[in-house]
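Heads up: the structure comes next, in structure tokens.
This chain uses plain numbering: 1 for the first residue, then up along the sequence. We count ligands from 1, going down the list as the structure has it; atoms in each ligand are counted the same way.
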Amino acid sequence: MSSKTILLTLSILTVLAWVHARGNIMLGNPMGVPKIHHDVHEKYGFPFIKREEDVYVQCYKNEIIRAIVVQDLEGDGESYVKRGGIGRKNVTIKLKGPRGGGYRFLVDVYAL
Ligand SMILES: *[C@@H]1O[C@H](CO)[C@@H](O)[C@H](O)[C@H]1NC(C)=O
């Protein structure tokens, strides 16, 4: 294999890894922190339509969000923190499916 081929292969793998990771979130450290939200959020796909939702999670009284873990169970969705997050009392997480497809995300939020 020439070095050009190796470089090309590496960039393709990097792009694939990046695309694959678009649906996952791993923020903060969940070790030893109680879960305040643990739920599968899913929607069916419709032709030509992009399904999406905002997941809102709020802490009780004095808790602060320590970690946010989102797993894209179908692997072709997108997710990101829209508002709030680590160190705050609430978070809004955006979940999106691919155009024409549904989605399934496992959302875990940890707070103490
Ligand atoms: C989320 O928390 C912030 C403070 O961190 C607060 O100002 C805001 O009103 C909260 N949002 C909602 C919808 O409760």
* Asked: Is it the case that Y56 and Q58 place a side-chain donor and acceptor less than 3.5 Å from each other?
  -> yes
* What do you reckon, does R88 have a nitrogen or oxygen under 3.5 Å from a nitrogen or oxygen of ligand 1? -> no
* Asked: Counting distance only, does the side-chain N/O of K89 pair as donor-acceptor with the main-chain N or O of I65 below 3.5 Å?
  -> no
* Answer with yes or no whether the hydrophobic clustering places L27 together with L95; edges join I, L, V, M, F, W, Y residues whose side-chain heavy atoms lie under 4.5 Å apart. => yes
* Structure fact -> Nearest non-hydrogen protein atom to atom 14 (O) of ligand 1, with distance, is Y56 OH, 3.0 Å
* Nearest neighbour in protein (non-hydrogen) for atom 3 (C) of ligand 1 -> N90 ND2, 3.6 Å
* Would you say atom 7 (O) of ligand 1 has a protein heavy atom nearer than 4.0 Å? -> no
* **Minimum-distance pair of heavy atoms, taken over all atoms of G28 and A67** => C-CB, 4.0 Å
